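The structure follows.
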Amino acid sequence: MSTAYSVVGLGKLGASMAAAVASRGFNVIGVDVNQRAVDVVNAGRAPVQETNLEETIAANQERLRATLSHREAILNSDVTFVVVPTPSDDRGAFSLQYAAWAFREIGRALAEKDGYHNVVMTSTVLPGSTRYGLLPLLEQESGKVCGPDFGLCYSPEFIALGSVIHDFLNPDFTLVGEFDERAGNQLQACYADIMENNPPCQRMSLENAELTKIALNTFVTTKITFANMLADLCERIPGGDVDVVTNALGLDRRIGRQYLTGALGYGGPCFPRDNVALSFMARALGTRADLAEATDRANRSLVEKVAERLCATIKCGTTVAVLGLAYKPLSHVIEESQAISLAKSLSRAGVRVVAYDPLASDVARAELRDQAVILESVADCLAQAEVVLITTPDPAFRALTAEDFGGKNLPVTVVDFWRILDKELVGQPSVRYVPIGRSVDDAANGARLAALWSGAAAEAD
Ligand SMILES: NC(=O)c1ccc[n+]([C@@H]2O[C@H](COP(=O)([O-])OP(=O)(O)OC[C@H]3O[C@@H](n4cnc5c(N)ncnc54)[C@H](O)[C@@H]3O)[C@@H](O)[C@H]2O)c1
């Protein structure tokens, strides 16, 4: 008989996982404490906004249902993925407050269940959380013993919002942290059935898997921050161009080109908190994660650096348009968005901020309230702005042409963090084009380098 699954937590990750597993022909029961999420899934719709989620749920309604009852879900499935929030606490660690509640409920249900059941923690947690924080709750509530009576794994997913279903079904590898071989064998077999691309499976202890998940995210953020550092340097070198440098660097197989673009910093619900959590973990274990701390510091200081530079060149009361408010293109999520921080920072400095995002304008309006005027279109922003900041490489902004920026008495300054409009705007009289990561004043940059090295040449003479 084919494996039946339950997914606890029908949020941004869990709802997509439930739908994806159902789309592979398995019966799935989703559990959420939120009545609306349960009702929406049972009505064949998506409880959260995510690419293809609504369609996938609708197409697999006969295999996917939702309930408020953990008991019902556990008793009618073989494997349970737990995908509840693990928010950052005051120390920067990932809190187990929601997971603990879910695990107690699952434990109570396990007490009533005959036969083996595998509980898989999917939410991001720090090393030790699954074994020392959550496993005891399962044993206490069920009166059973992990290993012989039920299985336990830690197995995170490596997905990006906006492509969760695709990423979940087509990962580079699956990561199985296992309490014991039996639990790991079962989960590996499940993934072999579920995944579309036959990915390699990495099996390890619970703690190594917990560390691997956060290590992967912090490594990527370090790479992003490294590229941002290069961008900053390139702006100060005559002819400097971060794309030239990173395109070459990316050809080295040890490095690779992804996440090496040099632009604004990273944001969103996951990345920013991972370095903080890793730093917390290191300190708690009597050491330090200096690199994680440096990455986090550099990323958080980026917006202030940009705002200071801008404010040094513009008058108080200038209208600045921020195009792009979500933390990345094609997203409605503004959590830890650098563009939102930038808008707030400029507003505090006395700049009049107008802004637009194709998907995130509504949430951003609530967040920015009196700190920016959210307009209905790019054109509305361009009509009012003397300075335009393009903060995400959104297709709507890529499609802009020189004509869109025309019609003003004075040239409009366009700060293009992702250099998406260089072909359109370089050399246009109606625009002062400022590509981030490139030298825009070769003479001044050259003079600075000359001053640095001409002394050495004179000494050698
Ligand atoms: N969103 C991402 O891109 C992403 C990526 C990788 C990992 N993660 C991790 O996955 C976890 C979940 O993230 P998310 O973005 O899906 O969160 P989310 O806030 O979108 O959704 C969580 C859902 O869990 C429900 N919930 C809370 N407690 C519950 C309980 N006891 N039983 C049943 N349902 C419960 C909530 O009502 C909500 O619907 C987090 O640990 C996160 O770090 C998220």
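Both counts, for ligands and for their atoms, begin at 1 and track the order of listing. On a predicted model such as this, the values are computed, not experimentally measured, just so you know.
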Note to self: What I want to check is whether the side chains of Thr67 and Glu72 have a donor and an acceptor closer together than 3.5 Å.
What the structure shows: yes

Margin query: Between Arg182 and Asp180, does any NZ, NE, NH1 or NH2 come within less than 4.0 Å of an OD or OE carboxylate oxygen?
Written below: no

Item checked: Closest protein heavy atom to atom 43 (O) of ligand 1, given as residue, atom name and distance to 0.1 Å -> Arg273 NH2, 2.9 Å

Next item on the list: Over 60° means perpendicular and under 30° means parallel, so classify the ring planes of Phe81 and Tyr5, tilted if in between.
Entry: parallel

Notebook entry, point to check: Taking N or O atoms only and a 3.5 Å limit, does His70 qualify as a polar contact for ligand 1?
Noted result: yes

Next item on the list: State the atoms of ligand 1, each with its element, that fall below the 4.0 Å cut-off from a heavy-atom position in Val31.
Entry: 33 (C), 34 (N)

Notebook entry, point to check: Looking only at protein heavy atoms, which one is nearest to atom 30 (C) of ligand 1, and how far off is it?
Noted result: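 Protein heavy atom at minimum distance: Val33 CG1, 3.6 Å.
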
Item checked: Closest approach of any protein heavy atom to atom 1 (N) of ligand 1, naming residue and atom ->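 The protein heavy atom lying closest is Leu161 CD2, 3.5 Å.
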
Next item on the list: Using a strict cut-off of less than 4.0 Å between a Lys/Arg side-chain nitrogen and an Asp/Glu carboxylate oxygen, indicate whether Arg348 and Glu304 qualify as a salt bridge.
Entry: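 A salt bridge links Arg348 with Glu304.
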
Next item on the list: Could you list the atoms of ligand 1 found under 4.0 angstrom from a heavy atom of Lys213?
Entry: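 That gives atoms 6 (C) of ligand 1.
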
Check: At what distance is the nearest protein heavy atom to atom 36 (C) of ligand 1, and which residue and atom is it?
Finding: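 Looking only at protein heavy atoms, the one closest to atom 36 (C) of ligand 1 is Asp32 OD1, 3.5 Å.
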
Check: Short list, please: which atoms of ligand 1 are under 4.0 Å from a heavy atom of Ala102?
Finding: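 What qualifies from ligand 1 is 31 (N).
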
Margin query: Tell me the nearest of Val83, Thr124, Val8 to atom 9 (C) of ligand 1, using heavy-atom distances.
Written below: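 Closest candidate by heavy-atom distance is Thr124.
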
Next item on the list: Using only heavy-atom distances, determine whether the side chains of Asp274 and Asn217 contain a donor-acceptor pair under 3.5 Å.
Entry: yes

Margin query: Less than 4.0 Å from atom 21 (O) of ligand 1, is there any heavy atom belonging to the protein?
Written below: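 So far as the 4.0 Å threshold goes, atom 21 (O) of ligand 1 is in reach of a protein heavy atom.
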
Notebook entry, point to check: Just by distance, with hydrogens left out, do Ser155 and Tyr191 show a side-chain donor and acceptor under 3.5 Å apart?
Noted result: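 Looking only at side-chain atoms, Tyr191 and Ser155 do form a donor-acceptor pair, the distance falling under 3.5 Å.
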
Margin query: Test your reading of the structure: does Thr86 have an N or O sitting under 3.5 Å from an N or O of ligand 1?
Written below: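 Checking ligand 1 against Thr86, an N or O pair does fall under 3.5 Å apart.
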
Checklist line | Heavy-atom nearest neighbour of atom 12 (C) of ligand 1 within options Asn217, Asp274, Val84, Val82 | finding: Val84

Margin query: Within the structure, is a non-hydrogen atom of Glu105 found at a distance of less than 4.0 Å from ligand 1?
Written below: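 No; Glu105 lies far enough from ligand 1 that no heavy-atom distance drops under 4.0 Å.
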
Check: Is there a donor-acceptor pair under 3.5 Å between the side chain of Ser337 and the backbone N or O of Leu325?
Finding: yes

Check: Given Ala160, Gly9, Pro85, which has its nearest heavy atom closest to atom 27 (C) of ligand 1?
Finding: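 Minimum heavy-atom distance to atom 27 (C) of ligand 1 goes to Pro85.
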
Check: In the protein, what heavy atom is nearest to atom 17 (O) of ligand 1, and what distance, to one decimal place, separates them?
Finding: Lys12 NZ, 4.2 Å

Notebook entry, point to check: Should the pair Arg419-Asp416 be classified as a salt bridge under the 4.0 Å nitrogen-to-oxygen rule?
Noted result: no

Check: So, the side chain of Gln338 versus the backbone of Tyr327: is there a donor-acceptor pair under 3.5 Å, distance only?
Finding: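 No; judged by distance alone, with no hydrogens or angles, the pair does not exist.
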
Notebook entry, point to check: Does Ala37 have a heavy atom less than 4.0 Å from any atom of ligand 1?
Noted result: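 Under 4.0 Å: no for Ala37.
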
Item checked: Pair Glu105 + Arg108: basic N to acidic O under 4.0 Å ->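 So Glu105 pairs with Arg108 through a salt bridge.
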
Check: Under 3.5 Å between some N or O of ligand 1 and some N or O of Leu13?
Finding: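 Yes, there is a polar N/O contact under 3.5 Å.
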
Note to self: I need the nearest protein heavy-atom contact for atom 5 (C) of ligand 1: residue, atom name and distance, please.
What the structure shows: Ile159 CD1, 3.4 Å

Item checked: Basic-acidic side-chain contact under 4.0 Å: Glu336, Arg273 -> no

Next item on the list: Just need the protein heavy atom nearest to atom 4 (C) of ligand 1, so name the residue and atom and give the distance.
Entry: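 Its nearest protein heavy-atom neighbour is Cys270 SG, 3.4 Å.
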
Next item on the list: Decide side chain to side chain contact (heavy atoms under 4.5 Å, CB included) for Phe417 and Leu389; before the verdict, give the C-alpha distance in whole Å, the side-chain angles of both, and the deciding distance to 0.1 Å.
Entry: CA-CA 8 Å; Phe417 287 92; Leu389 312 181; 4.1 Å; yes

Checklist line | Protein contact of atom 31 (N) of ligand 1 - nearest heavy atom, named by residue and atom, plus distance | finding: Trp101 CE3, 3.3 Å

